[in-house]
Peer 1: 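Submitted below is the structure of interest, expressed as structure tokens.
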Amino acid sequence: MTETPASEAQFLRRNAVDALPEGALERQLAEGRPLRIKLGIDPTTADIHLGHTVVLRKLREFQERGHHVVLIIGDYTARVGDPSGRSSTRPQVDPREIDANAETYVSQAFKALDESRTEVRRNSEWLDMPMEELFRLARLATVAQILERDDFSKRWSAREPISILELLYPLLQAYDSVAVRADVELGGTDQKFNLLLGRDIQQAYGQKPQSILTMPILPGIDGVQKMSKSLGNYVGVTEPPEEQFGKLMRVPDATMPVYYELLLDEPFDPARPAVESKRALARSLVARYHGEEAARAAEAHFDRLHVERGMPDEIDEAPLPAGETVHLPALIASAFGVSSSEARRLLAQGGVRLDGERLDGADLDLPADRLDGAVLQIGKRRFKRFRRSADVS
RNA sequence: GGGGGGAUGCCCGAGUGGUUAAAGGGGACGGGCUGUAAACCCGUUGGCUCUGCCUACGCAGGUUCGAAUCCUGCUCCCCCCA
């Protein structure tokens, strides 16, 4: 590949929202050495979802051009909680949970990254610093500077609480750049302020400032808010294939082009029927994380459930309690993990089917014989097959 | 240090003594519609051994026939002045 720095820079900043300062990346590439590309992830939740992969895929592109990725697990910053884009203080996360999450993050990140060109660091390595060192860092920015940040200024003018710890967060992230001597830092657009602050802090520590690249935020499957675990509109990379497929089919048609652009290599074709495009999207993403085989199976599963309105071929089994008759609310409650009041409501609303046949909400008790070996269905997607306990035979 | 305001169901948010399990909205769930979706329409949304019972409006007490609503104490939060 004979790329000039200019063409390489142009390729690498494709899809990015900002590449700052203007021309900086190209100048760095012109130095002809492998660059250190930094990405920080705070392991506040257990799973990496498609939203994270937008940035990870960009990192991968850097790796494919011989650059070196420094993946920072923010085990220490996770304790602070990134206020970016937040309208309120984050809840505290249990340190043990952070550790557990950190483990899974790394393995999940390698679904997108080239392990041989990745250096994984935890920022507790350097952020667990003496107070004196923190003083030195804290002197480098003023409250006014930090309050410049959009989300802070909103909270400030709305008179909402901002803790001093939160104010410190951008500085800690910036210090990560110093610690790993980053040449480039990637992040979502909501990270722009933090990334830029990294430049100032690096210079204060006598380093060359990093350049920054911000990627668009992937909308969640509701098509409205950003994809995030806490909003429940995410698709996790380790979720089961059928789950991923189903969720992706729920993405609003209007949001699909963005998914194509940010997650796939093939372009979105507006002339193609929406269903087909969406299927292709779901198929290729499931295949990426689970393989072609699983993707085909997931699609077949989806067709059976939603197109033919049938049942999946594998259904979890649950034991049938002893007795001649079975009290449905109790059975549904224990088998599906809902409250028995909710089970009653579902029955009353016609949301429960037995072997595909809708149950009349008035029948709360059924003979056990009718349930043995039968499949109970709640809504469109939840199934359980009942069997009399083995001790009968 | 002084003064003021607040804490309501998954979330936001009304309600200031009596059909209040608590308006309204969001979300979620179920049904309908549909080429997946979205939009739209209808319904549900504390629990239970469910035509009734129990628990609930920050926590603990009190007043009252009766309190989320009044009183006392406590905890937490916000704002203003210093």
Side-chain angles (χ1 to χ4, degrees), chain A residues 86-92 154-166 219-235 241-260 268-286 295 298-310 321 323 325-354 356-365 376-383:
Chain A
R86 282 270 162 168
S87 53
S88 57
T89 309
R90 274 186 187 251
Q92 285 222 4
K154 275 189 192 133
R155 284 164 65 182
W156 180 253
S157 52
R159 295 175 160 174
E160 276 162 12
I162 302 169
S163 77
I164 302 219
L165 195 58
E166 289 179 275
I221 58 171
D222 57 357
V224 180
Q225 292 180 281
K226 71 168 185 176
M227 182 172 285
S228 103
K229 178 139 188 184
S230 54
L231 292 173
N233 61 0
Y234 73 107
V235 181
E242 309 81 47
E243 199 64 26
Q244 293 183 331
F245 198 96
K247 282 186 174 182
L248 287 164
M249 289 303 284
R250 293 219 293 276
V251 170
D253 290 359
T255 308
M256 258 200 299
V258 188
Y259 273 53
Y260 265 80
F268 176 74
D269 176 6
R272 203 173 170 196
V275 201
E276 274 179 44
S277 297
K278 205 175 289 182
R279 280 175 181 276
L281 170 77
R283 221 181 291 128
S284 27
L285 287 173
V286 174
E299 184 168 19
H301 178 267
F302 180 87
D303 282 338
R304 219 165 302 128
L305 258 60
H306 296 273
V307 180
E308 297 157 28
R309 295 253 167 148
T325 61
V326 174
H327 190 56
L328 281 173
L331 183 74
I332 294 170
S334 71
F336 292 95
V338 299
S339 73
S340 78
S341 299
E342 189 175 352
R344 281 165 191 277
R345 281 181 225 121
L346 287 164
L347 279 162
Q349 290 178 101
V352 181
R353 287 161 190 274
L354 182 64
E357 209 174 311
R358 180 168 297 172
L359 286 178
D360 181 355
D363 293 331
L364 294 184
D365 297 286
L376 204 62
Q377 174 182 0
I378 285 191
K380 294 186 183 67
R381 307 191 285 129
R382 287 175 283 180
F383 300 86

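Here is how names work: the chains are called A, B, and so on, in the same order as the sequence lines, proteins then strands, and each is numbered from 1.
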Peer 1: If you look at every strand shown and take non-hydrogen atoms under 4.0 Å, does Ala330(A) touch a base, only sugar-phosphate, or nothing?
Peer 2: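 Answer is nothing: Ala330(A) stays at 4.0 Å or more from every strand.
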Peer 1: Could you tell me which residues satisfy side-chain contact (heavy atoms from CB on, under 4.5 Å) with Leu305(A), sequence neighbours excluded, listed by chain and number?
Peer 2: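 side-chain contact (heavy atoms from CB on, under 4.5 Å) list for Leu305(A), sorted by chain: His301(A), Pro312(A), Phe383(A).
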Peer 1: Nearest of A37(B), C50(B), U44(B) to any side-chain atom of Arg345(A)?
Peer 2: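 So the nucleotide nearest the side chain must be U44(B).
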Peer 1: For Phe245(A), enumerate each residue passing the ring-ring contact (aromatic ring centres under 6.0 Å, His included) test, keeping only those at least two apart in sequence or located in another chain.
Peer 2: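 Applying ring-ring contact (aromatic ring centres under 6.0 Å, His included) to Phe245(A) gives Phe302(A).
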Peer 1: Just to confirm, is there a sub-4.0 Å distance from OP1 or OP2 of C48(B) to any side-chain nitrogen or oxygen of Ser339(A)?
Peer 2: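 Yes, such a contact exists.
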Peer 1: Can you list every salt bridge (Lys or Arg N to Asp or Glu O under 4.0 Å) pair that touches residues 273-286 of chain A, not counting sequence neighbours?
Peer 2: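 As it turns out, the salt bridge (Lys or Arg N to Asp or Glu O under 4.0 Å) pairs with a partner in residues 273-286 of chain A, which skip direct neighbours, are Asp253(A)-Lys278(A), Arg272(A)-Glu276(A), Arg279(A)-Glu299(A), Arg279(A)-Asp303(A), Arg283(A)-Glu299(A).
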Peer 1: At under 4.0 Å between heavy atoms, which parts of nucleotides 27-34 of chain B does protein reach? Answer with one letter per nucleotide, 5' to 3': B base, S sugar-phosphate only, - none.
Peer 2: --SBSS-B
Peer 1: Using a strict heavy-atom distance below 4.0 Å, which residues from residues 331-338 of chain A are in contact with RNA chain B?
Peer 2: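 Nucleic-acid contacts, sorted: none.
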Peer 1: List the residues meeting salt bridge (Lys or Arg N to Asp or Glu O under 4.0 Å) with Lys229(A), not counting sequence neighbours, and say none if there are none.
Peer 2: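 Lys229(A): salt bridge (Lys or Arg N to Asp or Glu O under 4.0 Å) contacts with Asp47(A).
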Peer 1: Among all residues two or more places apart in sequence or in another chain, which pass the side-chain contact (heavy atoms from CB on, under 4.5 Å) test with Val224(A)?
Peer 2: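 Partners of Val224(A) under the side-chain contact (heavy atoms from CB on, under 4.5 Å) test: Asp222(A).
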Peer 1: Spell out protein contact along nucleotides 76-82 of chain B as letters: B when the base is contacted, S when just the sugar-phosphate is, - when no protein heavy atom is under 4.0 Å; keep the 5' to 3' order.
Peer 2: --SSS--
Peer 1: Residues in side-chain contact (heavy atoms from CB on, under 4.5 Å) with Ser340(A), at least two apart?
Peer 2: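 Expected list: Pro329(A), Ala333(A).
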Peer 1: Taking both distances under 3.5 Å as the test for a Watson-Crick or G-U pair, what stems of at least three pairs does RNA chain B have?
Peer 2: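 So far as stems of 3 or more pairs are concerned, RNA chain B shows B:1-7 with B:75-81, B:10-12 with B:24-26, B:27-32 with B:40-45, B:46-48 with B:52-54, B:58-62 with B:70-74.
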Peer 1: Given atom NE2 of His306(A) and atom P of U36(B), what is their separation to the nearest angstrom?
Peer 2: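 So the two atoms are 10 Å apart, to the nearest Å.
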Peer 1: Which residues pass the salt bridge (Lys or Arg N to Asp or Glu O under 4.0 Å) test with Arg381(A), sequence neighbours left out?
Peer 2: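 Counting only residues at least two positions away or on another chain, Arg381(A) forms no salt bridge (Lys or Arg N to Asp or Glu O under 4.0 Å).
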Peer 1: Arg304(A): what forms a side-chain contact (heavy atoms from CB on, under 4.5 Å) with it, not counting sequence neighbours?
Peer 2: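 Arg304(A) satisfies side-chain contact (heavy atoms from CB on, under 4.5 Å) with Ala300(A), Glu308(A), Asp313(A) only.
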Peer 1: Using a 4.0 Å heavy-atom cut-off across all strands, classify Arg344(A) as base, sugar-phosphate, or nothing.
Peer 2: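 Base contact.
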